[in-house]
Amino acid sequence: MTGIVIVGAGQAAAALAAKLRSAGYVGEITVIGAEPVPPYQRPPLSKAYLLGEMPLERLALRSPEWWEANAITLRTGTRVAAIDRAAHTVTTDAGEVIGYTQLALCTGASPRHLPAPVGGALGHVYQVRSLADVDAMRAEFRPGARLVVIGGGYIGLEAAAVARKLGLTVTLVEAAARILGRVACAETADAIRALQCRHGVTLIEGTGLARLTGETDVTGAELTDGRHIPADFAIVGIGVTPDTDLARAAGLAVEDGIATDAHGRTSDPAIWAAGDCASFPWQGRRLRLESVGNAIDMAETVAQNMLGAEKVYTPKPWFWSDQFDTKLQIAGLNSGYDEVVSRGGDTPSFWYFRNRQLIAVDTLNDPRAYMVGKRLIEAAKPVTPETIATATDLKALLK
């Protein structure tokens, strides 16, 4: 075989395959995914799909006809067990050997699990990552059921919001001092906390989980302060880890993900990586992003570079979270911020600065502020905290 093999069948894999074709590649493309379904959108799983507002067919990233029309071989329900770099082959868990001229790893990330000794192996304990995960828990979302959510990140908060909208009793437990501690400023966390509490979610912050209780099925959560929260089921949202086992076993460099250069190439020149599984050099450090935008943009850059473009990947980070009637939109990366400017009202926004340079913005139900902030950040416009605080027309700052 003399073609390109893509391991993984998520957002990055689909974007990479599509870009190869649109960029003029006419050779063989094989996409191999462990899940038994074609590539689909993950963000709606914990939002519209779980609520029943988005049918299964609308999750699909591409129609079956598209894959066929573009002559892309899609191998679902197939796990790659090993890479032979010398032979330029991958071997599936069924023992099939598939050759490649170039290989792209788009293996994504996996949710962290609670250890079995603290209840992680009990029945009715779920993660939110795959279609199978959400399908398994959907029957639990019945009015009056008691849910305990472990983890106050976006996944946990979104699951809590869906559960409340469907009439469940919800308690969310966050061991850190506040929700969104790793990803947002205190001002954004305060706004989201108020939103969740206003809709009836009980938030417990600064208190850890001692263990989930129950013999075979979960019956509740015992907290480190001695409290016991009764529950009919639990959702664990304590982060993800990049899927690097295949790369590591093949001897590829791994550093907070599969380590790539600025073009998306791994330590093997015939192997590339993109999406949640990949880290890349950025502003003097190594960065790994878990987002749809990064999965698409990095994959498309890698596709062009596989065809010889030698294009440097420059991320333009953006994220979002839907909770109740609020859309939180985020542009930029807030790491290392030393000042936050708040703009109030019914649609607040929070502007992050580092050394008086705008680096990120969080907006709640304010798409105009989001778009202005995103453009200011990407253009590195020299706006000051005072300018943002006093501006009566944000759009005028783009001039």
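Nothing here was measured: the structure is a model prediction, and the numbers come from that model. Position 1 is the first residue of the sequence; numbering continues from there.
- Heavy atoms from other residues, nucleotides or ligands lying under 6.0 Å from CZ of Arg375 number 12 at most.
- Taking 4.0 Å as the cut-off between side-chain N and carboxylate O, Glu222 and Arg211 count as a salt-bridged pair.
- Side-chain contact, Ser349 with Asp366: no donor N or O sits under 3.5 Å from an acceptor N or O.
- Looking at heavy atoms from C-beta onward, Lys374 lies out of side-chain contact with Val361 at the 4.5 angstrom threshold.
- Salt-bridge formation is not detected for the pair Arg193/Glu174: no Lys NZ or Arg NE/NH1/NH2 atom is positioned less than 4.0 Å from an Asp or Glu carboxylate oxygen.
- The aromatic rings of Tyr100 and His88 lie parallel to each other, their planes meeting at an angle below 30°, with 60° marking the opposite boundary.
- By the 4.0 Å N-to-carboxylate-O rule, Arg129 lies close enough to Asp276 to be salt-bridged with it.
- In terms of heavy atoms, Ser46 sits closest to Val128 at CB-CG1, 3.7 Å.
- Glu28 and Thr30 share no side-chain donor-acceptor pair at under 3.5 Å.
- Looking at Arg146 and Asp232, a side-chain N of the basic residue comes within less than 4.0 Å of a carboxylate O on the acidic one, giving a salt bridge.
- Taking every heavy atom of both residues into account, Leu147 and Ala159 meet most closely at CD2-O, 4.5 Å.
- The aromatic rings of Tyr126 and His124 sit perpendicular to each other, their planes meeting at more than 60°, with 30° as the lower class boundary.
- Paired with Leu364 under the rule side chain to side chain contact (heavy atoms under 4.5 Å, CB included), one option of Asp346, Ile192, Thr347 passes, and it is Ile192.
- Scanning all heavy atoms of the two residues, the minimum distance from Met298 to Gly275 falls at SD-N, 3.8 Å.
- Under the 4.5 Å side-chain heavy-atom criterion for grouping Ile, Leu, Val, Met, Phe, Trp and Tyr, Phe233 is not connected to Leu209 through any hydrophobic cluster.
- For the residue pair Asp243 and Ser110, a side-chain donor N or O sits within less than 3.5 Å of a side-chain acceptor on the partner.
- Heavy-atom minimum distance, Glu158 versus Ser321: OE2-OG, 2.7 Å.
- Annotation for Cys277 and Thr107: closest pair CB-OG1, 3.4 Å, computed over non-hydrogen atoms.
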Worked check of side chain to side chain donor-acceptor pair (under 3.5 Å) between Thr171 and Arg227: CA-CA 12 Å; Thr171 302; Arg227 277 181 288 178; over 6 Å; no
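- The pair Glu53-Arg58 fails the salt-bridge criterion, with no side-chain N (NZ, NE, NH1 or NH2) lying under 4.0 Å from an Asp/Glu carboxylate O.
- No hydrogens or angles considered: nothing links the side chains of Arg368 and Tyr370 as a donor-acceptor pair under 3.5 Å.
- Between the side chain of Arg79 and the backbone N or O of Ala81 there is no donor-acceptor pair closer than 3.5 Å.
- In Glu68, the CD atom is not crowded: 12 or fewer heavy atoms of neighbouring residues, nucleotides or ligands sit closer than 6.0 Å.
- A cation-pi contact, defined as under 6.0 Å to the ring centre and within 45° of the axis, links Arg138 to Tyr49.
- Of the charged side-chain nitrogens involved, none lies within less than 4.0 Å of a carboxylate oxygen, so that Arg182 and Glu290 do not count as a salt-bridged pair.
- Residues Arg62 and Pro38 are not in side-chain contact: their nearest non-hydrogen atoms beyond the backbone lie 4.5 Å or more apart.
- In this structure, Arg343 does not pair ionically with Glu187, as no charged nitrogen and carboxylate oxygen lie closer than 4.0 Å.
- Under 3.5 Å, the side chains of Thr266 and Arg85 contain no donor-acceptor pair of N or O atoms.
- Phe324 and His199 have parallel rings, their planes meeting at less than 30° on a 0 to 90° scale where 60° marks the start of perpendicular.
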